[in-house]
Protein chains: 2
Amino acid sequence: MTERPRRRQARGQQRMVEILDAAARVFARSGYETATTNAIAAEAGVSPGSLYQFFANKEAIAHALADRFVTAMRTAHEEAFAGVDAAALPLPELLDRVIDPIVAFNLANPGFKALFARPDMPEGLAAAARPIQESLFGRVMGIVADRAPALPPEERVRTARVLIQVFQAMIPLITAAPEPERGPLTVELKHVLGRYLDPLTRLPGDDTP
Amino acid sequence: MTERPRRRQARGQQRMVEILDAAARVFARSGYETATTNAIAAEAGVSPGSLYQFFANKEAIAHALADRFVTAMRTAHEEAFAGVDAAALPLPELLDRVIDPIVAFNLANPGFKALFARPDMPEGLAAAARPIQESLFGRVMGIVADRAPALPPEERVRTARVLIQVFQAMIPLITAAPEPERGPLTVELKHVLGRYLDPLTRLPGDDTP
DNA sequence: CGAAAACACGAGCGATCGCTCGTATTTCCC
DNA sequence: GGGAAATACGAGCGATCGCTCGTGTTTTCG
């Protein structure tokens with residue numbers, strides 16, 4: 001039933017990397033559905049037959065690419081959230097610390113959104129992305145809890161959802177913008193999130209500036 | 001070269017409406033690429049041959065659907081922006097007046113996002129949606145200009161872009177949410193936009209509450 | 001009424017795409 | 001060196017899908 005995994009040579013592992021690189025480019029250009037496996041093979045400089053020596057089918061390619069992205073994303077998240085004292089840091093600094101690495105990740109991995117932002121994403125792909133989404137949700141929840149401890153849990157969930165949604169919405173605007181516009185747009189993103197979050201961090205009746 | 005348009009009977013016009021209704025449902029379920037014309041025909045209770053009596057090809061169906069949505073959207077926008085004195089109205093009231101009708105439109109037209117939010121949208125479709133996007137952009141620009149006249153034009157453009165992007169990002173969160181969550185999420189949307197916009201409406205040094 | 005146009009049907013054509021298979025070459029390892 | 005496994009190739013199979021076409025029915029209109 002299950003085919004035993006084959007022992008990859010160094011050449012083969014290199015090919016797999018090349019194929020995934022090519023797939024990322026093709027998916028970014030055409031989207032998942034429209035991209036053809038033969039086009040991925042051609043982009044990688046490989047025959048269709050060779051491609052299927054390494055990946056069982058099109059979805060397996062996407063899945064391997066997803067795993068690679070998820071790993072890179074996890075690293076970016078760790079960089080973004082590690083050692084950040086959400087309760088003590090001034091809000092602007094906190095936003096800088098958290099947002100800049102994740103924006104940088106999305107700029108460095110242009111295929112990422114093309115693969116994961118699609119509504120017709122196969123279930124297997126969504127499953128691969130879910131742990132990283134939940135991890136992100138947990139971290140944002142933590143920050144909200146640290147900075148707005150008086151907020152009821154239900155509203156805390158809602159706030160975290162809104163923060164993540166707004167953030168993810170601004171990413172394509174930033175990555176698609178020409179270079180000189182990216183900095184100001186990132187500043188605007190921080191304004192949106194910061195001004196949304198700021199009033200929640202004050203207790204009722206507290207009017208310190 | 002050009003085929004002359006045929007004179008539609010009442011029965012035919014009714015069929016076209018049914019086909020577009022069916023297409024909206026199928027597109028909403030599967031997305032544009034994955035949806036098959038035979039599935040649309042079946043959903044409409046019509047043979048594939050009949051479908052092509054009314055629409056030249058798949059893209060023509062999407063285009064007609066786009067036109068329908070664009071018209072409905074224009075109506076919703078007019079309802080949202082007409083007779084709103086952006087300079088005089090308190091910000092919360094302004095947000096209520098503008099946001100509620102557009103949210104209602106998106107709730108009433110679930111196929112809309114499925115057709116227009118896709119990255120692989122054919123160019124013809126994007127062209128059909130562009131006038132309405134530009135109209136929306138112009139209206140938001142007007143509001144920003146009314147409420148923050150001191151803002152340099154360049155920043156005004158950026159602000160309008162951000163407002164629209166954030167708004168459109170929150171729409172799927174609201175429409176996908178179960179009913180009891182929609183109200184609170186809409187309130188959050190207004191908070192995000194309101195708090196982002198509020199500081200821009202004050203001149204430097206103005207600290208009225 | 002009668003002819004022309006519009007409407008309706010559904011089998012199947014042509015093209016595309018994911019994927020296979022037979023074969024040839026390269027690498028590993030004893 | 002030599003056999004096995006891994007890598008490489010590309011023509012083409014099978015399935016799917018957008019769309020056509022031949023045929024038959026209903027509506028319109030003079």
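Protein chains get the first letters and strands the later ones, always in sequence-line order, with residue 1 at the start of each.
Residue order along DNA chain D, read from the 5' end via each residue's closest nucleotide, puts Phe54(A) first among Phe54(A) and Asn57(B). When each of Gln53(B) and Glu59(B) is assigned the nucleotide of DNA chain D bearing its nearest heavy atom, the one mapping closer to the 5' terminus is Glu59(B).
Scanning residues 60-68 of chain A for heavy-atom distances under 4.0 Å to DNA chain D yields an empty list. A heavy-atom distance below 4.0 Å to DNA chain D is reached by none of the residues of residues 13-26 of chain B.
Partners of Arg68(B) by salt bridge (Lys or Arg N to Asp or Glu O under 4.0 Å), not counting sequence neighbours, listed by chain and number: Asp21(B). Under the salt bridge (Lys or Arg N to Asp or Glu O under 4.0 Å) criterion, Glu43(B) pairs with Arg25(B), Arg29(B), sequence neighbours left out. In terms of the salt bridge (Lys or Arg N to Asp or Glu O under 4.0 Å) criterion, Arg156(B) has no residue partners (sequence neighbours excluded).
Sequence neighbours left out, the pairs with a member in residues 88-107 of chain A that pass side-chain hydrogen bond (donor to acceptor under 3.5 Å, both in side chains) are Asp96(A)-Lys190(A), Asp100(A)-Lys190(A). Sorted by first then second residue, the ring pair (Phe, Tyr, Trp, His ring centres under 6.0 Å) pairs that include residues 88-115 of chain A, not counting sequence neighbours, are Phe69(A)-Phe112(A), Phe105(A)-Phe112(A), Phe112(A)-Phe116(A).
Atom CZ of Arg74(A) has 12 or fewer heavy atoms from other residues, nucleotides or ligands within 6.0 Å.
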Check step by step if side-chain contact (heavy atoms from CB on, under 4.5 Å) holds for Leu94(A) and Arg147(A). CA-CA 11 Å; Leu94(A) 174 61; Arg147(A) 297 201 70 97; 3.5 Å; yes

Run the side-chain contact (heavy atoms from CB on, under 4.5 Å) check on Asp198(A) and Thr201(A) step by step: do they pass? CA-CA 5 Å; Asp198(A) 191 47; Thr201(A) 69; 3.9 Å; yes

Let's go through Leu185(B) and Val162(A) carefully: what are the C-alpha distance in whole Å and the side-chain angles of both, what is the deciding distance for side-chain contact (heavy atoms from CB on, under 4.5 Å) to 0.1 Å, and is it a yes or a no? CA-CA 8 Å; Leu185(B) 277 174; Val162(A) 170; 4.2 Å; yes

Are Leu200(B) and Glu155(B) close enough, and set up right, to give a side-chain contact (heavy atoms from CB on, under 4.5 Å), and what steps lead you there? CA-CA 10 Å; Leu200(B) 304 179; Glu155(B) 291 182 31; 6.0 Å; no

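Here chain A contacts DNA chain C (any atom closer than 4.0 Å to a heavy atom, that is under 4.0 Å), and the contacts span dC17(C) to dC29(C) from 5' to 3'.
Nucleic acid contact for Ser50(B): base, since at least one base atom lies under 4.0 Å from a heavy atom of the residue. Among the heavy atoms of the strands lying under 4.0 Å from Gly49(B) is at least one base atom, whether or not backbone atoms are also near. Backbone-only contact: Ala35(A) has heavy atoms under 4.0 Å from sugar-phosphate atoms and none from a base.
Stem regions annotated for DNA chain C: C:1-30 with D:1-30, counting only runs of 3 or more consecutive pairs of Watson-Crick or G-U type with both contacts under 3.5 Å.
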Cut-off 3.5 Å, no hydrogens considered: what does the side-chain donor-acceptor table look like for residues 45-56 of chain B, sequence neighbours left out?
{"residue": "Ser47(B)", "atom": "OG", "partner": "Ser50(B)", "partner atom": "N", "Å": "3.1"}
{"residue": "Ser47(B)", "atom": "OG", "partner": "Ser50(B)", "partner atom": "OG", "Å": "3.3"}
{"residue": "Tyr52(B)", "atom": "OH", "partner": "Thr37(B)", "partner atom": "OG1", "Å": "3.4"}
{"residue": "Gln53(B)", "atom": "OE1", "partner": "Arg6(B)", "partner atom": "NH1", "Å": "3.0"}

Side-chain donor-acceptor pairs under 3.5 Å in residues 124-140 of chain A, sequence neighbours left out?
{"residue": "Gln133(A)", "atom": "OE1", "partner": "Gln168(A)", "partner atom": "NE2", "Å": "3.4"}

Counting primed atoms plus P, OP1 and OP2 as sugar-phosphate and everything else as base, spell out the protein contacts along nucleotides 24-30 of chain D at 4.0 Å heavy-atom distance: B, S or - for each nucleotide, 5' to 3'. ---SSS-

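For the pair Arg161(B) and Glu188(A), the salt-bridge criterion is not met [side-chain N within less than 4.0 Å of a carboxylate O].
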